[in-house]
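Please read the structure below before turning to the comments.
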Amino acid sequence: MTGLCIDALRRSLDGVFASLLATCDAEGVPNVSMISQVHYVDPERVALSYQFFNKTRRNLIETRRASVQITDPETMEHHRLALEYLETQSSGPIFESMKAKLAGIASHHGVADVFRLLGADIFRIRGIETVPGPTRPRRSDPAMLLAATRRTCVALDDCGDLGDLLDCVTASLQREFGIVHSMVLMSDPSSGQLYTVATHGYADSGIGAEVAPGEGVIGVAARENTPIRIGHMTREYRYGAAIGESARRARLVGEEAHAIAFPGLASPRSQIALPIGTRDTVEGVLFAEAEDMLRFGYDEEDALALVASHLGARMALLRGERAEAEAPEDAAPLATSGAVTLRFFPVDQSVFLGNDYLIKGVAGAILHRLVREHLATGRTEFTTRELRLDPMLRLPTHAENLDARLVLLRKRLDERDACLRIEKAGRGRFRLLAGCELRLEEIGGAEAPA
Amino acid sequence: MAESPSASRLPDSADPASPRCAARIPPELLALAQNGAAISLASCTAEGEPLVGLGVGCIVAPDGTLRVMIGRAANVRLIAAIVAGRAVAVTFIATRDHSSFQIKAARAQYLATGADTCPEIDRQATLLREGLVELGFLPEQAAGYAAYDSNDLGTVVICPERVFLQTPGPGAGAELTA
């Protein structure tokens with residue numbers, strides 16, 4: 001323990017201004033360069049990016065000492081850090097977080113073509129020196145973030161079901177933090193995919209859009225179970241391309257009707273993704289983005305990580321509070337007119353309303369199961385418990401996220417303004433409402449239509 | 001801040017006794033150094049601790065020596081190392097295209113004065129500010145980064161012995177030979 005703490009200087013570690021790095025060889029010959037990021041690891045350690053085997057690298061291995069000068073982009077204060085090299089990490093949360101950030105910074109500084117990260121060099125901070133010079137007053141107030149976080153958590157506490165909870169968190173991000181564009185994605189344990197269950201601020205909701213693990217800041221945040229934040233966006237981390245690639249790898253080329261377009265901004269400059277779940281498992285990701293550069297700093301990351309953590313805790317609590325015996329709520333009957341054919345393709349459990357793609361995967365299998373039973377028996381009310389016990393749905397024993405899938409299904413049906421709706425009917429219960437004559441076609445063994 | 005014993009004997013073209021610098025720097029790099037480059041300096045203590053500092057401008061003398069202006073108060077230990085005869089390195093980076101180079105010398109001279117260079121340093125600071133704004137920095141950020149106190153300037157006089165290209169990409173770190 002050095003007793004030093006760099007927490008108060010984290011604004012200087014966001015790569016807004018390049019930092020200065022000096023090393024010496026064993027003979028005392030110095031080398032000086034500018035580096036794009038000094039990454040915060042903990043109060044006593046920072047990490048520097050290892051991108052090339054150069055003179056700096058040779059000096060570090062030889063002497064294990066470095067001096068770094070960092071700059072606060074708001075106050076223009078400079079500080080010098082005396083550093084001792086400890087180790088190099090080439091995988092894991094610190095490495096991935098630096099890789100994501102470096103990709104953005106490299107693009108911002110016009111050197112994206114030489115971007116690569118070979119490792120994260122971890123250093124112990126041996127000294128912190130304030131550099132005398134002209135400074136500017138600080139304008140931002142971290143206390144406002146604390147208050148916003150508290151109000152958001154209180155709002156989440158008032159939500160009685162998962163759908164309300166998901167809508168509440170994205171609305172709260174706008175109301176309390178001024179974050180206009182955000183979304184929540186849930187993890188599918190069987191496929192590893194993340195699917196979008198709530199969005200806010202986009203022209204198209206994109207409910208149901210999927211992200212593969214490891215793709216973009218969302219996929220990396222989920223895979224590494226660590227927040228990922230970029231202040232200068234770059235093509236490598238844009239999701240439009242990522243989703244297209246994901247679809248191709250999933251053999252969905254030529255089946256574009258199956259892919260729901262990711263609702264992200266066309267030209268984001270800042271993105272942040274925070275895992276939802278526990279220390280060991282990732283249930284989903286809270287994601288926000290903005291067209292401004294450097295919209296999310298370390299303080300915002302702290303605040304949103306608390307929100308994501310509280311969201312995960314509320315989701316777990318709601319699962320525990322399921323009660324099957326509660327009296328059903330009254331149904332609002334739909335006026336019946338016309339007819340629609342649901343086409344179900346077991347090959348990927350996709351469901352089409354007529355010729356229009358609606359949903360696939362577990363959510364598609366659930367809808368098929370509900371409609372099939374409704375047509376056979378006239379039944380309209382169902383329980384989540386029976387779905388969990390239905391072997392045909394092949395829900396994972398643990399972490400099946402059934403509630404999230406029902407939210408996804410309900411929102412997709414609402415979005416399509418279909419003559420079919422799913423409504424809550426009390427805790428653990430829901431109702432299938434048909435406003436038209438339903439027909440069901442099961443295309444067994446056949447491929448899904450293009 | 002104490003000056004080195006030789007600080008009053010700056011090598012320049014008017015001084016027939018001044019040595020010519022071992023490494024010749026191509027004109028395009030000299031232009032880079034004198035037109036709003038981001039400048040960083042380094043030296044080393046006797047105990048092997050690296051020291052780093054920020055430069056505020058550079059003027060190249062006709063004989064090839066470089067006079068790099070730095071803030072005195074901000075660079076006390078770096079200046080002490082230079083005065084003690086320790087090796088020095090300086091890197092110049094063009095903000096507009098990130099082209100850069102580094103010079104190294106076994107020793108340098110230090111002058112605790114630099115106010116006479118202010119008009120030229122002002123011009124270079126303006127170019128640095130403009131380059132940072134072009135990169136996307138806010139004008140107030142760029143102005144803050146390029147700010148300096150004209151009453152606090154010192155001069156590091158360096159006769160480059162080795163020159164290295166630092167521009168990111170293929171060739172980075174390559175030494176220029178005469």
Side-chain angles (χ1 to χ4, degrees), chain A residues 16-34 36 51-56 59-60 62-69 71-78 80-83 106 108-111 113-115 126-127 129-136 232 269 293-294, chain B residues 38-56 71-78 81 86-91 93 95-98 100 102-106 132 135-138 140-149 152 162 164 166-170 172-173:
Chain A
V16 179
F17 283 104
S19 301
L20 313 182
L21 168 64
T23 57
C24 295
D25 65 16
E27 281 70 49
V29 177
N31 194 81
V32 61
S33 58
M34 285 195 167
S36 53
Q51 293 170 254
F52 308 99
F53 191 82
N54 51 19
K55 182 62 177 170
T56 294
N59 288 350
L60 280 177
E62 201 170 282
T63 69
R64 307 184 83 81
R65 299 173 86 173
S67 178
V68 167
Q69 183 161 318
T71 305
D72 185 311
E74 193 173 338
T75 66
M76 305 312 298
E77 284 178 299
H78 299 286
R80 287 194 193 95
L81 312 178
L83 303 178
H108 175 62
H109 288 276
V111 291
D113 53 331
V114 295
F115 153 72
R126 297 172 55 244
E129 173 194 356
T130 301
V131 179
T135 60
R136 303 163 53 83
H232 307 282
R269 287 183 171 160
M293 280 198 308
L294 299 160
Chain B
I39 302 171
S40 48
L41 300 91
S43 190
C44 187
T45 67
E47 293 74 35
E49 180 187 354
L51 302 166
V52 68
L54 194 61
V56 297
R72 290 198 301 260
N75 294 291
V76 172
R77 296 183 71 205
L78 179 72
R86 309 289 304 173
V88 65
V90 185
T91 290
I93 301 180
T95 55
R96 286 181 172 82
D97 62 4
H98 300 272
S100 67
Q102 180 171 205
I103 60 171
K104 294 190 181 184
L132 291 172
L135 269 183
F137 289 99
L138 299 172
E140 56 267 31
Q141 286 178 317
Y145 194 79
Y148 72 97
D149 179 355
D152 181 49
R162 303 180 73 181
F164 301 88
Q166 299 280 100
T167 306

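Reminder, nothing fancy here: chain letters follow the sequence lines and each chain counts from 1.
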Exercise for the section: Please look at A/Asn31 and chain B and tell me whether the side chain, the backbone, both or neither of the residue comes under 4.5 angstrom of a heavy atom of that chain. Expected result: both

Handout entry: Segment of A/Pro73 engaging chain B (4.5 angstrom heavy-atom cut-off)
Key = both

Fill in the blank from the handout: Max heavy-atom pairs within cutoff under 4.5 Å with chain B, candidates A/Glu27, A/Met34, A/Glu129, goes to A/Met34

Problem - Under 4.5 Å from a heavy atom of chain A, the part of B/Leu138 involved - result: neither

Problem - Heavy-atom contact with chain B under 4.5 Å, split by part of A/Ala82 - result: side chain

Exercise for the section: Check each atom of B/Gln102 against the heavy atoms of chain A and say whether the ones under 4.5 Å are side chain, backbone, both or neither. Expected result: side chain

Practice task
Tell me, for B/Leu51 versus chain A, whether the close heavy atoms (under 4.5 Å) come from the side chain, the backbone, both or neither.
Solution key: backbone

Problem - Segment of A/Thr63 engaging chain B (4.5 angstrom heavy-atom cut-off) - result: neither

Problem - Engaged part of A/Arg65 at the chain B interface, taking heavy atoms whose separation is under 4.5 Å - result: both

Practice task
Grab the two heavy atoms, one from B/Leu78 and one from B/Ser43, that are nearest each other, plus how far apart they are.
Solution key: CD1-N, 3.5 Å

Exercise for the section: Kindly assign one of parallel, tilted or perpendicular to the pair B/Phe137 and A/Phe17, based on the angle between their ring planes and the thresholds 30° and 60°. Expected result: parallel

Exercise for the section: Working to the nearest 0.5 Å, report the span between NE2 of B/His98 and OG1 of B/Thr167. Expected result: 10.5 Å

Problem - Charged tip of A/Lys55 within 45° of B/Phe164 ring normal and under 6.0 Å - result: no

Handout entry: Pairing of A/Asp72 and A/Arg136 as salt bridge, 4.0 angstrom limit
Key = no

Exercise for the section: With a 4.5 angstrom heavy-atom cut-off, could you sort out which part of B/Ala46 is near chain A: side chain, backbone, both or neither? Expected result: neither

Handout entry: Shortest non-hydrogen contact between A/Pro134 and B/Ala147, atoms and distance
Key = CG-CB, 4.3 Å

